[in-house]
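Structure, as structure tokens:
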Amino acid sequence: MSGTSGTPVTAVVVRLKLSLLRNGLRQSGGRRAAYVASAVVALVFAALQLIGLIALRGHAHADALVVLLAAVLGLGWAVMPLFFPGGDETLDPTRLVMLPLRPRPLVRALLAASLVGIGPLFTLLMLVGSVIAVAHGAAAYAVSVVAVVLALLLYVALARAVAAANIRLLTSRRGRDLAVLSGLVIAVGAQVVNFGAQRLGSAGLGQLDPAADVLRWVPPAAAVGAVHAVSDEAYGQAAAQLLLCVAALVALVRVWARSLERLMTAPDGSTLHAAVPDGRARDASRGASHGWERLLPAGRTGTVMGRSLRYIWRDPKTKAAWVTSLAIGVIVPVFNAVQGTGSVYFACFAAGMLGIQMYNQFGQDTSAFWMVAMTISGARDAYVELRGRALALLVVTLPYAALVTVLTTALLGTWGRLPEVLGLSFALLGAMLGTGAWTSARFPYSIPQEGHKNVVPGQVGLAWMSIFGGMVAAALLCAPVIVLTVWLHAGPGADAYGWLLLPAGLVYGAALTMLGLRLAAPRTAARLPEILSAVSKG
């Protein structure tokens with residue numbers, strides 16, 4: 001299959017991939033700098049890993065580590081298209097449906113284009129280090145070349161097959177919400193890696209052997225397992241593992257080709273009219289979705305709370321921030337408690353993570369903030385607006401912070417500290433709500449609706465001042481409760497009077513919230529034009 005000028009399709013698509021990369025870097029200096037910095041960091045990390053893997057050569061359990069690493073790389077290649085569908089524009093084959101291309105030549109072309117980029121180079125370095133760590137002898141090195149090529153093609157084909165099978169969902173408005181899970185996966189994955197590293201540090205790499213014995217027969221980890229099998233002169237086992245990888249590659253390519261053919265020939269279901277015989281189903285859905293609003297206060301406060309809660313549920317960026325905060329807020333104290341290295345005071349991390357959501361309240365509205373601004377005619381209206389947003393956060397944060405505190409206390413068995421930790425959590429939450437309201441008016445910034453950035457170029461300084469400046473101020477405002485806690489523990493009455501920290505922290509946190517709202521309201525009313533200009537740049 002050739003292009004209109006006789007050029008092979010593969011060469012054209014590879015040049016297209018390079019052009020997309022080059023043109024993307026030309027859009028702005030910030031994007032170019034971010035790309036170069038991320039590339040340098042990724043390649044330096046890969047080079048360090050390559051050196052580390054080579055240093056494992058001769059270790060008794062090196063084969064278990066590299067097999068597990070190959071399996072983890074495969075998992076990453078499989079899930080990345082689901083979480084970051086916009087990371088590579090050539091992942092979307094629907095852009096090529098109007099061209100006279102057949103699936104098989106297109107598969108070859110896209111497979112070659114997929115090998116261009118930082119990700120494939122990073123994976124190649126990891127694979128090279130893995131096979132060097134376990135290869136011994138000329139036969140093993142010869143098989144290593146085949147294994148690396150085969151494993152790399154498997155990774156790419158897996159990512160492409162997953163993307164093609166789900167591209168209709170990923171390019172839809174509702175399907176892009178899958179990116180919300182990326183924050184949760186990263187948060188959970190980081191803690192799992194941390195937990196696993198600590199276990200390996202104390203028990204050694206031998207802990208990986210049972211898992212590696214299974215994964216060495218699962219492509220693409222089987223390709224690395226084949227190199228180790230040849231080193232042990234188990235040639236029959238190595239041949240079987242390589243054949244498994246070849247069969248898996250053929251199966252993935254066929255699935256990918258069928259998905260491409262279906263995408264290029266079948267009508268898009270999202271463009272078909274959904275026949276609804278009457279409005280009863282829609283009315284029922286609308287009634288169900290708004291039923292919870294009857295529990296909210298009347299007037300503007302309830303309206304603002306309803307709007308804020310809908311943002312949390314419907315807006316992808318807001319939902320992503322909340323999912324990440326909810327995940328990290330429970331993972332940090334619980335994982336540390338399970339490992340036996342944590343403190344019950346780590347439970348305050350939950351209140352801190354959710355308190356961050358109060359910062360830059362107007363930025364999540366973006367250009368739609370002008371509709372809110374039209375309803376604010378003075379400090380009173382601004383106060384009610386900010387109060388409604390704070391109450392919407394409290395609907396989630398108060399029970400969540402209490403639940404994480406109880407769970408952490410139960411895991412550590414320190415029930416006597418429960419009242420004081422709850423008091424500290426509520427005081428910290430109140431301080432962050434108060435400072436968040438003030439910084440939302442003083443340092444507003446825009447959140448871009450597309451992509452994975454949380455700040456538009458040129459407003460990074462504002463974001464730092466808003467979030468980190470506010471967090472430092474909140475920590476300082478919590479000093480009285482912290483000092484009271486230390487004083488009680490320094491004296492003999494800690495067990496008898498520790499429960500007083502719960503009402504003290506609750507009252508103090510509420511007072512800080514009210515004070516912050518009162519101070520932020522007149523500033524918000526006076527700076528409406530500046531706020532609208534700042535948050536509308538995304």
Side-chain angles (χ1 to χ4, degrees), residues 8-25 32 34-54 66-93 106-133 144-165 167 170 182 219-224 227 245-246 248-250 252-253 255-257 260 452:
V9 172
T10 300
V12 173
V13 175
V14 171
R15 287 203 302 269
L16 173 63
K17 176 67 174 289
L18 295 173
S19 298
L20 288 172
L21 291 173
R22 182 173 59 253
N23 294 336
L25 296 178
R32 185 163 52 251
Y35 181 85
V36 172
S38 62
V40 171
V41 171
L43 294 180
V44 169
F45 180 76
L48 293 176
Q49 293 297 311
L50 174 63
I51 296 173
L53 289 170
I54 294 176
V66 296
V67 166
L68 188 63
L69 176 62
V72 171
L73 285 174
L75 179 62
W77 276 89
V79 302
M80 280 303 169
L82 298 176
F83 292 146
F84 303 102
D88 183 358
E89 294 180 353
T90 61
L91 280 173
D92 186 1
L106 186 59
V107 164
R108 291 195 297 268
L110 292 177
L111 190 63
S114 299
L115 299 175
V116 178
I118 300 175
L121 181 57
F122 176 90
T123 306
L124 178 62
L125 292 176
M126 300 293 280
L127 288 172
V128 169
S130 298
V131 297
I132 291 177
S144 295
V145 177
V146 178
V148 168
V149 174
L150 192 55
L152 186 60
L153 291 177
L154 270 169
Y155 290 139
V156 174
L158 177 62
R160 288 288 180 172
V162 171
I167 197 63
L170 297 178
S182 61
V224 178
V227 178
C245 292
V246 172
L249 179 60
V250 172
L252 284 173
V253 170
V255 170
W256 181 13
L260 287 177
H452 298 279

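Not measured: the values here are computed from a predicted model. We use all heavy atoms of the structure for the numbers below, so side chains are in, but hydrogens, waters and symmetry mates are not.
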### Message
Please find the pair of heavy atoms, one from Trp256 and one from Leu110, that lie closest to each other, and give the distance.
### Response
CZ2-CB, 3.6 Å
### Message
Looking at every heavy atom in both Leu111 and Ala157, which two are closest together, and how far apart are they?
### Response
CD1-N, 4.2 Å
Taking distance alone, no hydrogens or angles, what donor-acceptor pairs closer than 3.5 Å link side-chain atoms of residues 41-52 to residues at least two apart or in another chain?
none

### Query
Between CG of Leu158 and CG of Leu154, what distance do you get to the nearest 0.5 Å?
8.0 Å
Anything under 3.5 Å between a donor and an acceptor, one on a side chain of residues 115-131, the other on a protein residue two or more places apart or in another chain? List them.
from, atom 1, to, atom 2, distance (Å)
Thr123, OG1, Trp77, NE1, 3.0
Thr123, OG1, Gly119, O, 2.9
Ser130, OG, Met126, O, 2.8

### Task
Output, in order, the C-alpha distance, side-chain angles, deciding distance and verdict of side chain to side chain contact (heavy atoms under 4.5 Å, CB included) for Leu69 and Leu53.
CA-CA 10 Å; Leu69 176 62; Leu53 289 170; 3.9 Å; yes
Distance-only check: which donor-acceptor pairs under 3.5 Å involve side-chain atoms of residues 145-153, not counting sequence neighbours?
none

### Task
For Ala133, check side-chain contact (heavy atoms from CB on, under 4.5 Å) against everything at least two apart and list the hits.
Val66
### Query
Looking at Val224 and Ala70, what are the two nearest heavy atoms and their distance?
CG2-CB, 3.9 Å
